[in-house]
Amino acid sequence: MAILVTGGLGYIGSHTVVELINNGFEVIIVDDLSNSEKFILYNIEEITGKRPIFYPFDLRRKELLTQVFDAHQIEGCINFAASKAVGESQLKPVDYYENNLFSLINILQEFKERGISNFIFSSSCTVYGQAETMPIDENTPLKMPESVYGKTKQMGEEILIDFAKAYHRKISLLRYFNPIGAHSSALIGELPIGVPNNLVPYVMQTAAGIREKLSIWGDDYPTEDGTAVRDYIYVVDLAKAHVKALQKLINDNSDEALIDIFNLGTGNGSSVLEVVKAFEIANKVEVPYQICERREGDITVAYANVDKAEKELNWKSETSLEEALRTVWQWQKYLESKNS
Ligand code: NAD
Ligand code: WQD
C-alpha cells in the first residue's frame with residue numbers, strides 16, 4: 001500500500017517515513033527541499049534498509065502532482081509539507097496562505113477525483129491559543145490563532161472537515177504539541193537552518209557554542225519558576241502516532257465520513273528552565289542563558305490531555321524529556337562531524 005508523504009524529508013516527516021517503512025508501508029515522498037536536504041533520504045535508507053521513492057517538487061505544481069498520482073496506487077497521504085515559521089508568517093502572509101493551503105487543496109483535488117480516502121494533516125496545539133484550563137483536550141474551544149501560520153492550520157482543519165463530510169472520506173487531524181529530539185541513530189533530526197526560533201534547537205546550538213547565550217523569554221509568568229510551560233513530545237513517539245492514526249483510518253470499513261482529531265503530546269508540562277536544566281543534566285554540558293522580556297505572542301502554559309489518543313489509537317509517548325534531549329545532543333555531534 002503506497003502512502004504519499006509530503007514534506008517527508010523534513011523534521012517530523014522523515015521520522016514518520018522511518019516508522020512507516022518499519023511497519024511495511026511503501027512510501028512516496030514529495031518534498032521541494034525548501035526546508036530540508038537530500039542527504040536525509042540516504043540516511044532514511046541507512047536506517048531502514050529501504051530508499052523511499054522521492055519526487056523533488058513544489059506541491060503547488062499541480063501538473064507534477066497529478067503525474068505522481070497517475071504513476072502510483074496511492075491509498076493515503078500524510079501531509080507534513082508546510083511553511084512553519086511563526087514570525088516569518090506575519091511578514092509574508094500571502095506566501096504562507098499560498099504554500100500551506102494551495103498544497104493542501106491540490107492534494108485534495110486528486111483525492112476527490114480518484115476516490116482516495118485516508119488523509120492525515122499536521123495540525124498544531126497553536127489552534128487552542130491560550131486555553132482557559134489545563135490540560136487541553138480535543139473539546140477545548142479553539143481560538144483564532146494570532147499568527148498567520150496558526151491560521152493556516154485552523155483553515156486547513158476546516159477545509160479537511162468539509163472535504164470529509166462532502167465526499168465521505170476519512171481524515172485525521174493531529175494536533176502536535178512541541179516536538180523535540182532526533183532519531184536514536186542520530187542520522188535524522190531537526191535541521192537548524194538559520195537562527196533557530198524554537199527552544200530546543202536554540203539550547204542545542206548554545207551548548208555547542210554556535211550561539212553565545214540562550215535568551216529565556218520571560219521569568220514573570222504565573223508558573224512555578226516564572227518561565228512558560230509547554231508539552232515537549234519526542235519526535236519518534238510522535239512519528240509512531242502517525243502510523244497508528246493511519247492504520248485506524250485504513251481499518252475503518254464504513255462508507256461514512258470519519259473525522260478523527262487527536263492531541264499528541266506527553267500530557268506533562270515543562271518550564272523553559274526545566275528544559276535547560278534537563279538538557280544540562282542529560283548531556284553534561286552547560287547552557288549559558290539570560291532572562292529577557294517576554295516574547296510577543298507567547299502563551300503562558302500549554303500541555304495536552306492525551307487520553308483520547310491513548311484510548312482510540314492505543315498510543316502514548318514513551319520517552320522521557322531527558323532521553324529526548326540526549327538524542328538532540330547526539331544529533332548535534334553528528335552534524336558537526338558531517339560538516340567537518
Ligand atoms: P519541516 O520544515 O522540517 O518539514 C516540512 C517539509 O515540507 C520540508 O522538508 C519542506 O522542504 C517541505 N515543503 C514545504 N513546503 C513544500 C511544498 N510546497 N512542496 C513540497 N514540499 C514542501 O517542518 P516539521 O517541523 O517537520 O513540520 C511538519 C508539519 O508539522 C508542518 O505542517 C508543521 O506546520 C507541523 N507542525 C510542526 C510543529 C513543530 O514544532 N515542528 C508543531 C506543530 C505542527
Ligand atoms: C517554547 C518556549 C518560548 C526560544 C511554537 C509555535 C507553535 C508550534 C510549536 C508549530 C516558549 C521559550 C523559546 C528561545 C525561549 N509550532 N523560548 N527562548 O512557542 O510553544 O510554539 O512551536 O505548529 O505554533 O508557535 O515553541 O520552541 O518557540 O518556545 O525562552 O530562544 O520556549 O518563549 O515559552 P512555542 P518554542
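Just so you know, ligand 1 is whichever comes first in the structure, and atom 1 is the first atom listed for that ligand.
Annotation: Q290, atom CD; neighbour count of heavy atoms from other residues, nucleotides and ligands within 6.0 Å is above 12. The number of heavy atoms from other shown groups lying within 6.0 Å of OH (Y167) does not exceed 12. At most 12 non-hydrogen atoms from other residues, nucleotides or ligands lie less than 6.0 angstrom from NZ of K316. Within 6.0 Å of CD in E113 there are more than 12 heavy atoms belonging to other residues, nucleotides or ligands. Surrounding NZ of K92 are at most 12 heavy atoms belonging to other residues, nucleotides or ligands under 6.0 Å away. More than 12 heavy-atom neighbours from other residues, nucleotides or ligands sit within 6.0 angstrom of CZ on F57.
An N or O contact shorter than 3.5 Å is missing between E190 and ligand 1 by distance. In terms of polar-atom proximity, defined here as any N/O pair under 3.5 Å, S36 does make such a contact with ligand 1. Note: an N/O pair closer than 3.5 Å links K84 and ligand 1 by distance alone. Taking distance alone, with nitrogen or oxygen atoms compared against 3.5 Å, A81 stays at or beyond that limit from ligand 1. Where the criterion is an N or O separation shorter than 3.5 Å, residue side chain and backbone included, D31 meets it with respect to ligand 1. Distances between N or O atoms of F80 and those of ligand 1 include at least one value under 3.5 Å. Between S34 and ligand 1, at least one pair of N/O atoms sits closer than 3.5 Å. Ligand 2 has no nitrogen or oxygen under 3.5 angstrom from a nitrogen or oxygen of Y202. Considering backbone and side-chain N/O of L9, none are found under 3.5 Å from N/O of ligand 1. Every N/O-N/O distance between F177 and ligand 2 stays at or above 3.5 Å. Between Y11 and ligand 1, at least one pair of N/O atoms sits closer than 3.5 Å.
The residues E45 and K50 are annotated as not salt-bridged, no charged nitrogen and carboxylate oxygen being separated by less than 4.0 angstrom. By the 4.0 Å N-to-carboxylate-O rule, R61 lies close enough to E63 to be salt-bridged with it.
Using a 4.0 Å cutoff on heavy atoms, G150 does not count as a contact of ligand 2. Heavy-atom distances between K84 and ligand 2 stay at or above 4.0 Å for every pair.
Neither the backbone nor the side chain of Y289 has any atom closer than 4.0 Å to an atom of ligand 2 (non-hydrogen atoms only). Contact annotation: for P196 versus ligand 2, there are no heavy atoms closer than 4.0 Å. Only the side chain of V272 comes within contact range of ligand 2, with a heavy atom under 4.0 Å; no backbone atom does. The proximity of T227 to ligand 2, defined as any non-hydrogen pair under 4.0 Å, does not occur for either the backbone or the side chain. Counting heavy atoms under 4.0 Å from ligand 2, residue N198 touches it through both backbone and side chain. When heavy-atom distances to ligand 2 are checked against a 4.0 Å cut-off, N197 comes that close only through its backbone atoms N, CA, C and O.
For atom 15 (N) of ligand 1, the closest non-hydrogen atom of the protein is N99 ND2, 3.1 Å. Atom 20 (C) of ligand 1 has as its closest protein heavy atom D32 N, 3.3 Å. Closest to atom 34 (O) of ligand 1 among all protein heavy atoms lies Y149 OH, 2.6 Å. Looking only at protein heavy atoms, the nearest one to atom 4 (O) of ligand 1 is G10 CA, 3.4 Å.
For H242 and F25, the ring centers are positioned 6.0 Å apart or more.
For the residues Y149, W217, Y232, the heavy atom positioned nearest atom 10 (C) of ligand 2 is part of Y149.
The two residues P52 and I21 make their nearest non-hydrogen contact at CG-CD1, 4.0 Å.
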